[in-house]
Amino acid sequence: MAWLLLVCAALLEIVWAVALDRSEGFTRPGPAALGITAAVLSFVLLTFALRALPLGTAYAVWVGLGTLGVALVGILALGESASVPRLTCLTLILLGVAGLKLLES
């Protein structure tokens, strides 16, 4: 259950990062409100996941999945670079997250 909460928290991290970008410096209330709400919910789910998962593992996975998700949104929806070096680095992040999950005792 803790891992599910952590993945949901990471998904919400993606939502809040993209929404805050779209808020254009908090000048657009809809995306700003969505971003703030998603951030709070993300922190709440992370906090619940920390009841059962080690801090270092949970935080690294939360940030790693959020980073991957935001980068993929940038590539797929916002026209950001999908260069080989960038995709290689994102793959390394994914491998690190998977390794933390597999090695978590």
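Computed over heavy atoms, backbone and side chain alike; hydrogens, waters and symmetry mates excluded.
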Colleague: Do Thr27 side-chain atoms and Glu24 backbone N/O form a donor-acceptor pair below 3.5 Å?
Modeller: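 Confirmed, Thr27 side chain pairs with Glu24 backbone.
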
Colleague: For residues 91-103, dump all side-chain donor-acceptor pairs below 3.5 Å to protein atoms at least two apart in sequence or in another chain.
Modeller:
{"from": "Thr91", "atom 1": "OG1", "to": "Leu87", "atom 2": "O", "distance (Å)": "2.8"}

Colleague: Who pairs with Ala2 by side chain to side chain contact (heavy atoms under 4.5 Å, CB included), at least two apart in sequence or on another chain?
Modeller: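 Partners of Ala2 by the side chain to side chain contact (heavy atoms under 4.5 Å, CB included) criterion, ordered by chain and then number, come out as Ala52, Leu53.
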
Colleague: Which atom pair, heavy atoms only, marks the closest approach of Ala38 to Val15?
Modeller: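 Distance-wise, the nearest heavy atoms are CB-CG1, 3.8 Å.
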
Colleague: When you compare the side chain of Val7 with that of Trp3, does any pair of heavy atoms fall below 4.5 Å?
Modeller: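 A side-chain contact is absent here, since even the closest heavy-atom pair is not under 4.5 Å.
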
Colleague: Sequence neighbours excluded, which residues qualify as side-chain hydrogen bond (donor to acceptor under 3.5 Å, both in side chains) partners of Arg86?
Modeller: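 Arg86 satisfies side-chain hydrogen bond (donor to acceptor under 3.5 Å, both in side chains) with Glu80 only.
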
Colleague: Same hydrophobic cluster for Leu46 and Val40, using side-chain heavy-atom links shorter than 4.5 Å among ILVMFWY?
Modeller: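 Per the 4.5 Å side-chain linkage, Leu46 and Val40 are not co-clustered.
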
Colleague: Is there a path of hydrophobic side-chain contacts, each under 4.5 Å between heavy atoms of I, L, V, M, F, W or Y residues, that connects Ile14 with Phe43?
Modeller: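 Yes, Ile14 and Phe43 fall within the same hydrophobic cluster.
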
Colleague: Among residues two or more places apart or on two chains, list those pairs meeting ring pair (Phe, Tyr, Trp, His ring centres under 6.0 Å) that have a residue in residues 17-40.
Modeller: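 Qualifying pairs, neighbours excluded: none.
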
Colleague: The criterion is side chain to side chain contact (heavy atoms under 4.5 Å, CB included); which residues satisfy it with Arg22, sequence neighbours excluded?
Modeller: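 In terms of side chain to side chain contact (heavy atoms under 4.5 Å, CB included), with neighbours along the sequence ignored, Arg22 is linked to Val18, Arg28, Pro31, Leu78.
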
Colleague: How would you list all residue pairs meeting salt bridge (charged side-chain N to carboxylate O under 4.0 Å, His left out) that involve residues 57-72, not counting sequence neighbours?
Modeller: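 Listed by first then second residue: nothing to list.
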
Colleague: Among pairs that include at least one residue of residues 6-21, which meet side-chain hydrogen bond (donor to acceptor under 3.5 Å, both in side chains), considering only residues two or more places apart or in two chains?
Modeller: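 Not a single pair qualifies under side-chain hydrogen bond (donor to acceptor under 3.5 Å, both in side chains).
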
Colleague: Which side-chain N or O atoms in residues 55-76 pair as donor and acceptor under 3.5 Å with protein atoms at least two apart or in another chain?
Modeller:
{"from": "Trp62", "atom 1": "NE1", "to": "Ala9", "atom 2": "O", "distance (Å)": "3.4"}
{"from": "Trp62", "atom 1": "NE1", "to": "Ser42", "atom 2": "OG", "distance (Å)": "3.0"}
{"from": "Thr67", "atom 1": "OG1", "to": "Val63", "atom 2": "O", "distance (Å)": "2.7"}

Colleague: Just verifying a value: how many Å separate Ile36 CD1 and Ser23 OG, rounded to the nearest 0.5 Å?
Modeller: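 Answer rounded to 0.5 Å: 8.0 Å.
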
Colleague: Linking Ile, Leu, Val, Met, Phe, Trp and Tyr by side-chain heavy atoms under 4.5 Å, what else ends up with Val84?
Modeller: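 Val84 shares its hydrophobic cluster with no other residue.
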
Colleague: Sequence neighbours left out, what passes side chain to side chain contact (heavy atoms under 4.5 Å, CB included) with Cys89? Give chain and number order.
Modeller: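 Applying side chain to side chain contact (heavy atoms under 4.5 Å, CB included) to Cys89 gives none.
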
Colleague: Indicate if Leu5 and Leu41 have the same hydrophobic cluster label, given that clusters are the connected sets of ILVMFWY residues with side-chain heavy-atom separations under 4.5 angstrom.
Modeller: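 Looking at the clustering, Leu41 is in the same group as Leu5.
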
Colleague: Can you run down the ring pair (Phe, Tyr, Trp, His ring centres under 6.0 Å) pairs that involve residues 65-101, sequence neighbours left out, and say none if there aren't any?
Modeller: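 Matches after skipping sequence neighbours: none remain.
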
